[in-house]
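One structure is given below, encoded as structure tokens.
The shown structure was predicted, so the numbers you read here are calculated from the model rather than taken from an experiment. Per chain, numbering begins at 1; letters A, B, ... match sequence-line order.
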Amino acid sequence: MGDDPRLTLAGPVPEVAPRLLGGLLTAGGVTVRLTEVEAYAGEADPGSHAFRGRTPRTQVMFGPPGRAYVYFSYGMHWCMNVVTGPDGTASAVLLRAGAVVDGLDLARERRPGVRERDLCRGPARLTRTLGVTGELDGTDLLDPASPLRLHLPDAAPSGVHAGPRVGVSGDGAPTPWRFWVDDPSVSPYRAAAPRRPRPAAS
DNA sequence: CTACCGATATTCT
DNA sequence: GAATATCGGTAGA
């Protein structure tokens, strides 16, 4: 391969997303090999944060590819994406899971009591193990001096699976844009919108 | 392993 | 007020 990574990330998000699998993400003294990702296709995608247009939270998605989009979820968790596609398309890839390949002692120290395979098993666990917070929103992932860096794999990974996205309901639900490789760190599939409706108020 | 449930920011209705 | 790209604790099979 040897493509310019910036050029690779500028491609269509359903093609870019599986190519992040096997990539190395480094932050806070810990490096993770990505094992599970999800594609979100900007303003045309009902499951995307950008579907309703630009907001203070989503502005980074509308910028150039190769930056980190970090957002606060459910009032307590950080989740991170890699912004993809041409400048202005608001596409991004959510990093859902990974396996720690370097800095394991530090990761364990940061997550006391957590089993190794659970350290980055889920998008919010991944950011916590790496120490990623909203301060890193907008970081250039391809800058060697950045506190949060992404290194794309030399070759496209093999054995990639695809399935429906997690937690996405409505029109965007059936789109098979969750990609993963066989690894213990991949979170088990959960159907979208399992939320139990609260008992009807009397 | 499955199932429930609380915490609670951002955004939309 | 309600929904959401979630997790961790607890309970039970």
Spacing of CG belonging to A:L126 relative to CG belonging to A:L25, to within rounding of 0.5 Å | 6.5 Å

Check nucleotides 11-13 of chain C for protein N or O atoms closer than 3.5 Å to its own N or O atoms and list the pairs.
none

How long is the gap from CD on A:E38 to CZ on A:F179, to the nearest 0.5 Å?
-> 9.5 Å

Separation between OG1 (A:T129) and CG (A:L119), nearest 0.5 Å, reads 5.0 Å

Test side-chain contact (heavy atoms from CB on, under 4.5 Å) on A:V100 and A:T31 and set out the steps.
-> CA-CA 6 Å; A:V100 176; A:T31 298; over 6 Å; no

For atom CG of A:L126 and atom P of C:dA5, their distance in whole Å = 18 Å

Hey, could you give me each pair passing salt bridge (charged side-chain N to carboxylate O under 4.0 Å, His left out) that has a residue in residues 52-78 of chain A? Not counting sequence neighbours.
-> none

Atom OG1 in A:T84, atom CG in A:L9: separation rounded to 0.5 Å?
-> 7.0 Å

Sorted by chain and number, sequence neighbours left out, side chain to side chain donor-acceptor pair (under 3.5 Å) with A:S185 holds for A:T35, A:D183

Between atom CZ in A:R54 and atom P in B:dC12, what is the gap in whole Å?
-> 14 Å

Length of the CH2-C1' vector between A:W78 and C:dT4, whole Å = 16 Å

Please name all residues satisfying side-chain contact (heavy atoms from CB on, under 4.5 Å) with A:L106, sequence neighbours left out, ordered by chain then number.
-> A:V30, A:R110

If you write DNA chain B from 5' to 3' in dot-bracket form, with Watson-Crick or G-U pairs under 3.5 Å, [ ] for crossing pairs and | for pairs with another strand, what do you get?
-> |||||||.||||.

Sequence-distant partners of A:S48, side chain to side chain donor-acceptor pair (under 3.5 Å), two or more places apart | none

Identify each atom pair where a protein N or O and an N or O of nucleotides 8-11 of chain B are less than 3.5 Å apart, giving names and distance.
residue: B:dT8; atom: O2; partner: A:Y74; partner atom: O; Å: 2.8
residue: B:dT11; atom: OP1; partner: A:T55; partner atom: OG1; Å: 2.8
residue: B:dT11; atom: OP1; partner: A:R57; partner atom: N; Å: 2.9

Check side chain to side chain donor-acceptor pair (under 3.5 Å) between A:D137 and all other residues, then give those that pass, not counting sequence neighbours.
-> none

So the ring pair (Phe, Tyr, Trp, His ring centres under 6.0 Å) pairs with at least one residue in residues 49-70 of chain A (sequence neighbours excluded) are A:H49-A:Y71, A:Y69-A:Y71

Pairs under 3.5 Å (N/O, protein and nucleotides 8-10 of chain C):
residue: C:dG8; atom: OP1; partner: A:R111; partner atom: NH2; Å: 2.6
residue: C:dG8; atom: OP2; partner: A:R125; partner atom: NE; Å: 2.5
residue: C:dG8; atom: OP2; partner: A:R125; partner atom: NH2; Å: 3.0

What pairs meet the ring pair (Phe, Tyr, Trp, His ring centres under 6.0 Å) rule with one or both residues in residues 112-155 of chain A, with sequence neighbours excluded?
-> none

Would you please confirm or rule out a distance under 4.0 Å between OP1 or OP2 of C:dC7 and any side-chain N or O of A:R121?
-> no

What do you reckon, do A:Y71 and the base of C:dA5 stack, with centroid distance below 5.5 Å and planes below 30°?
-> no

Tell me, please, which residues at least two apart from A:D143 pass salt bridge (charged side-chain N to carboxylate O under 4.0 Å, His left out).
-> none

